[in-house]
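Notes follow the structure.
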Amino acid sequence: QVQPEESGGGLVQVGGSLRLSCSTSTRTSGDYAMGWFRQAPGKERESLAHITLTSGSSCIADSVQGRFTISSDNAKNTVYLQMNSLKPEDTAVYYCAAGSFQPYSGHCLNKYKYNYWGQGTQVTVSS
């Protein structure tokens, strides 16, 4: 079973940076995607950034494009979310997920299908 585990959350100042990490168990074969979501109190879960480990292709939400980047270390089954120029509205619980894909149309955010989820890590941007 793939077991995502997040780390790197915490409290940062407005305009600061933070890097989240997520590691999973090794997957035997097949396409493998990992990605990040966040959810703030009273708001719906928001898809942020995803990467296909087999190809290196990625997908970033328009809302964080230019500030957030996703990368991976395939040998370690680890993904990173680099967050720059943080704003108070970035405050949320950030979740990592692992899985594969599903048929989709429209934005690339819709292509991912996750079976395994981490417990979440709190990111708070002070204001």
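The shown structure was predicted, so the numbers you read here are calculated from the model rather than taken from an experiment.
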Measure across [X] and [Y] and return the closest heavy-atom pair with its distance rounded to 0.1 Å.
X	Y	value
Ser127	Pro88	CB-CG, 3.6 Å
Ala33	Ser100	CB-O, 3.7 Å
Phe37	Ala97	CE1-CB, 4.2 Å
Gln122	Thr91	NE2-CG2, 3.9 Å
Ala92	Ala40	CB-N, 3.9 Å
Val79	Ser72	CG1-CB, 4.0 Å

Separation between [atom1] of [X] and [atom2] of [Y], rounded to the nearest 0.5 Å:
X	Y	atom1	atom2	answer
Ile51	Tyr112	CD1	OH	8.5 Å
Leu18	Met83	CG	CE	4.5 Å
Ser47	Leu109	OG	CG	4.5 Å
Cys22	Met34	SG	CE	4.0 Å
Leu20	Cys96	CG	SG	9.5 Å
Thr78	Asp73	OG1	CG	6.0 Å

Problem - Common cluster, Phe68/Leu11, ILVMFWY with side-chain heavy-atom separation under 4.5 Å - result: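 Unlinked, Phe68 and Leu11 end up in two clusters.
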
Determine whether [X] and [Y] make a side-chain contact, defined as any pair of heavy atoms from C-beta on separated by less than 4.5 Å.
X	Y	value
Gln3	Trp117	no
Thr124	Val12	no
Glu6	Trp36	yes
Gln13	Leu86	no
Arg67	Asp90	yes
Val93	Gln119	no
Lys76	Ser23	no
Val14	Lys87	no

Handout entry: Audit row: Gln82, Ser71, side chain to side chain donor-acceptor pair (under 3.5 Å) steps and yes/no
Key = CA-CA 8 Å; Gln82 179 66 46; Ser71 61; over 6 Å; no

Exercise for the section: Return yes when atom CD of Gln39 has more than 12 non-hydrogen atoms of other residues, nucleotides or ligands closer than 6.0 Å, and no otherwise. Expected result: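 Yes.
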
Problem - Gln102, CD atom: more than 12 neighbouring heavy atoms under 6.0 Å - result: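 Above 12, so yes.
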
Problem - Side-chain donor or acceptor of Thr52 paired with backbone N/O of Thr54 under 3.5 Å - result: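 Not a single qualifying donor-acceptor pair exists.
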
Problem - Test log, rule side chain to side chain contact (heavy atoms under 4.5 Å, CB included), inputs Asn77 and Leu53 - result: CA-CA 8 Å; Asn77 287 327; Leu53 274 67; 4.2 Å; yes

Exercise for the section: Could you please spell out the steps behind the side chain to side chain contact (heavy atoms under 4.5 Å, CB included) verdict for Leu81 and Arg19? Expected result: CA-CA 6 Å; Leu81 184 67; Arg19 189 178 78 160; over 6 Å; no

Practice task
Report the C-alpha separation of Val64 and Arg38 in whole Å, then their side-chain angles, then the decisive distance to 0.1 Å, and conclude whether the side chain to side chain contact (heavy atoms under 4.5 Å, CB included) test is met.
Solution key: CA-CA 12 Å; Val64 297; Arg38 70 184 179 189; 4.1 Å; yes

Problem - Residue among Tyr114, Phe101, Tyr32, Tyr104 satisfying ring pair (Phe, Tyr, Trp, His ring centres under 6.0 Å) with His50 - result: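 Option passing the ring pair (Phe, Tyr, Trp, His ring centres under 6.0 Å) with His50: Tyr114.
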
Practice task
Could you walk me through whether Asp62 and His107 pass side chain to side chain contact (heavy atoms under 4.5 Å, CB included), step by step?
Solution key: CA-CA 10 Å; Asp62 293 343; His107 202 281; 3.7 Å; yes

Practice task
Please report the C-alpha distance between Ser17 and Asn84 in whole Å, then the side-chain angles of each, then the deciding distance to 0.1 Å, and finally whether the side chain to side chain donor-acceptor pair (under 3.5 Å) criterion is met.
Solution key: CA-CA 4 Å; Ser17 298; Asn84 299 324; 2.9 Å; yes

